> 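This structure is in structure tokens; I'll ask about it shortly.
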Amino acid sequence: LQIDANYFWIYNSLGTVESAKGNFLKSIEHYQTCIDKKPPKLGAPYNNIGEAYSLLGDYEKSIEFLNKAIENKSENANTVLGSIFLKLGKLQDAEHLLLQAIEKQKYKSTPKLYLAVTYLYLGETVKANNYFNDVITFTDKIPSSDNQFNKVTALLAMQKSEEAESMLKQLSSRFKITQYAIKSFMSDLTVLESAPSNSESVKEFIKKAEEIFDTMKRKTAANIRLKE
């Protein structure tokens, strides 16, 4: 595929396509090419590389690129970096970044979800539940697919496992869910599983979620074969 160097942002789009498929190493190559062709003044490619490295578990490289994304005014980088600090147990740093992210991302519930989980780890249950409730009510107003996944996680955190499972089944049947979305969601569940007083219920839910996604994949594969 030959692409005019003047259209360097196309590489960012190609990276997003590969990321959606779960091909994170390939997506990183495209995002890096976008930066190499013409270092952007906006932080999106840096953020996207940082997020891909995060999903691959390479937090050192992820932090490096997310800091560059923040320097270049990325609105999403604070959320991703906050989630990494949460995973690394740097809870005060996570809280600081996620509070900033909430101010920057008015139409996303993700920073609120991560902040709620951060407060669970800090033992501040009242604050955690307040933010989990915010995620739920926020999603009812702005029901994007990202927000709906966050609502499932919030319901699970508040011990509403049956409602969370029902909603996940609806999502898997109504939407075309990317491998990126599945990877992100399962990563969030793993973080929640390690939070105080949530391990057993979340562990059981993770098994059910894997079964739901496996069923979805089989149905998708069957539909593709029927069309061939």
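Values reported hereafter were calculated over all heavy atoms of this structure, with side chains retained and with hydrogens, waters and symmetry mates removed. Predicted model, so just to flag it, every value in this text is computed and none were measured. We number each residue from 1, following the sequence as shown.
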> Assigning hydrophobic clusters by single linkage (Ile, Leu, Val, Met, Phe, Trp, Tyr; side-chain heavy-atom cutoff under 4.5 Å), is F149 placed with F175?
yes
> About how many Å separate NZ of K108 and CG of L113, when rounded to the nearest 0.5 Å?
13.5 Å
> Got a salt bridge between K207 and E211, using NZ or NE/NH1/NH2 to carboxylate O under 4.0 Å?
no
> After noting the C-alpha distance and the side-chain angles of S201 and Q159, does the key distance pass the side-chain contact (heavy atoms from CB on, under 4.5 Å) rule?
CA-CA 8 Å; S201 60; Q159 310 297 326; 3.9 Å; yes
> With A116, which residues qualify under side chain to side chain contact (heavy atoms under 4.5 Å, CB included), at least two apart?
Y131, F132
> So which heavy atom on V152 is nearest to which on L168, and how close?
CG2-N, 4.1 Å
> Any side-chain heavy atom of L120 within less than 4.5 Å of one from L192?
yes
> Tracing side-chain links under 4.5 Å among I, L, V, M, F, W and Y, which residues wind up in one group with I142?
Y107, F138
> Is it the case that one hydrophobic cluster holds both V135 and M186, taking links as side-chain heavy atoms less than 4.5 Å apart, direct or via other members?
yes
> Whether the Q105 and T79 side chains hold a donor-acceptor pair (N or O, under 3.5 Å, no angle test) is what I'd like checked.
yes
> If you count every heavy atom of other residues, nucleotides or ligands that lies below 6.0 Å from K87 atom NZ, does the total exceed 12?
yes
> Between the main-chain N or O of N129 and the side-chain N or O of N133, is there a donor-acceptor pair closer than 3.5 Å?
yes
> A side-chain contact here means heavy atoms from C-beta on lying under 4.5 Å apart; do P45 and F65 qualify?
no
> Give the intermediate values and the outcome of side-chain contact (heavy atoms from CB on, under 4.5 Å) for residues S172 and I177.
CA-CA 7 Å; S172 67; I177 301 174; 4.2 Å; yes
> Which atom names give the shortest non-hydrogen contact between L97 and I70, and what distance separates them?
CD2-CD1, 4.5 Å
> Report the C-alpha separation of E95 and L99 in whole Å, then their side-chain angles, then the decisive distance to 0.1 Å, and conclude whether the side-chain contact (heavy atoms from CB on, under 4.5 Å) test is met.
CA-CA 6 Å; E95 179 187 21; L99 285 169; 3.9 Å; yes
> Take atom OH of Y180 as the centre, draw a 6.0 Å sphere, and report whether it contains more than 12 heavy atoms from other residues, nucleotides or ligands.
no
> More than 12 heavy atoms of other residues, nucleotides or ligands under 6.0 Å from NZ of K90: yes or no?
no
> Once ring pair (Phe, Tyr, Trp, His ring centres under 6.0 Å) is applied, do any residues pair with F85, and if so which ones, sequence neighbours excluded?
none
> Do F24 and I63 sit in the same hydrophobic cluster, where Ile, Leu, Val, Met, Phe, Trp and Tyr count as joined when their side-chain heavy atoms come under 4.5 Å apart?
no
> Is L81 linked to I102 within one hydrophobic cluster, defined over Ile, Leu, Val, Met, Phe, Trp and Tyr using a side-chain heavy-atom separation of less than 4.5 Å?
no
> Are a donor atom and an acceptor atom from the side chains of Q32 and Y11 found within less than 3.5 Å of each other?
no
> With a 4.5 Å limit on heavy-atom distance, are the side chains of I28 and L56 in contact?
yes
> Okay, side chain of S109, backbone of K112: is any donor-acceptor separation there less than 3.5 Å?
no
> Under the side-chain contact (heavy atoms from CB on, under 4.5 Å) criterion, do L86 and L98 qualify, and how do the steps go?
CA-CA 10 Å; L86 167 58; L98 293 168; 5.6 Å; no
> Could you walk me through whether E29 and K26 satisfy the salt bridge (Lys or Arg N to Asp or Glu O under 4.0 Å) test, starting with their C-alpha distance in whole Å, then the side-chain angles of each, then the deciding distance to 0.1 Å, before giving a yes or no?
CA-CA 5 Å; E29 290 179 14; K26 188 66 177 178; 3.5 Å; yes
> Considering all heavy atoms of both residues, which atom of S194 and which atom of Y121 are nearest to each other, and what is their separation?
CB-OH, 3.1 Å
> Using a 3.5 Å distance criterion without hydrogens, assess whether the side chain of S184 forms a donor-acceptor pair with backbone atoms of A181.
no
> Are any side-chain N or O atoms of S19 and backbone N or O atoms of G15, one a donor and one an acceptor, separated by less than 3.5 Å?
no
> Considering all heavy atoms of both residues, which atom of E51 and which atom of L66 are nearest to each other, and what is their separation?
N-CD2, 4.4 Å
> Working to the nearest 0.5 angstrom, can you tell me the gap between Q179 CD and E18 CD?
12.5 Å
> What is the minimum heavy-atom distance between A77 and A69, and which atoms define it?
CB-CB, 3.7 Å
> Is a side-chain N or O of E193 found less than 3.5 angstrom from the main chain of K203, in a donor-acceptor match?
no
> Got a second to check how far N130's CG is from T125's OG1, nearest 0.5 Å?
10.5 Å
> Tell me, please, which residues at least two apart from D188 pass side chain to side chain donor-acceptor pair (under 3.5 Å).
Y114
> Which distance, rounded to the nearest 0.5 Å, do you find between the CG of N23 and the NE2 of H30?
9.0 Å
> Tell me, please, which residues at least two apart from K160 pass side chain to side chain contact (heavy atoms under 4.5 Å, CB included).
L155, E163
> Cut-off 3.5 Å, side chains only: do K208 and S161 have a donor facing an acceptor?
no
> Strictly distance-based, threshold 3.5 Å: is any side-chain N or O of S62 a donor or acceptor partner for the main-chain N or O of Y53?
no
> With sequence neighbours excluded, what pairs up with E124 under the salt bridge (charged side-chain N to carboxylate O under 4.0 Å, His left out) test?
K127
> About how many Å separate CG of L115 and CD of Q100, when rounded to the nearest 0.5 Å?
12.0 Å
> May I ask whether V17 and I49 are part of the same hydrophobic cluster, defined by side-chain heavy atoms of I, L, V, M, F, W, Y residues being less than 4.5 angstrom apart, directly or through others?
no
> Could you measure the distance from the CG atom of L156 to the CE atom of M167? Nearest 0.5 Å is fine.
12.5 Å
> Looking at side-chain heavy atoms only, is the closest gap between M216 and I212 below 4.5 Å?
no
> Please say which of T16, D36, L14, N47 ends up in a side chain to side chain contact (heavy atoms under 4.5 Å, CB included) with Y31.
T16
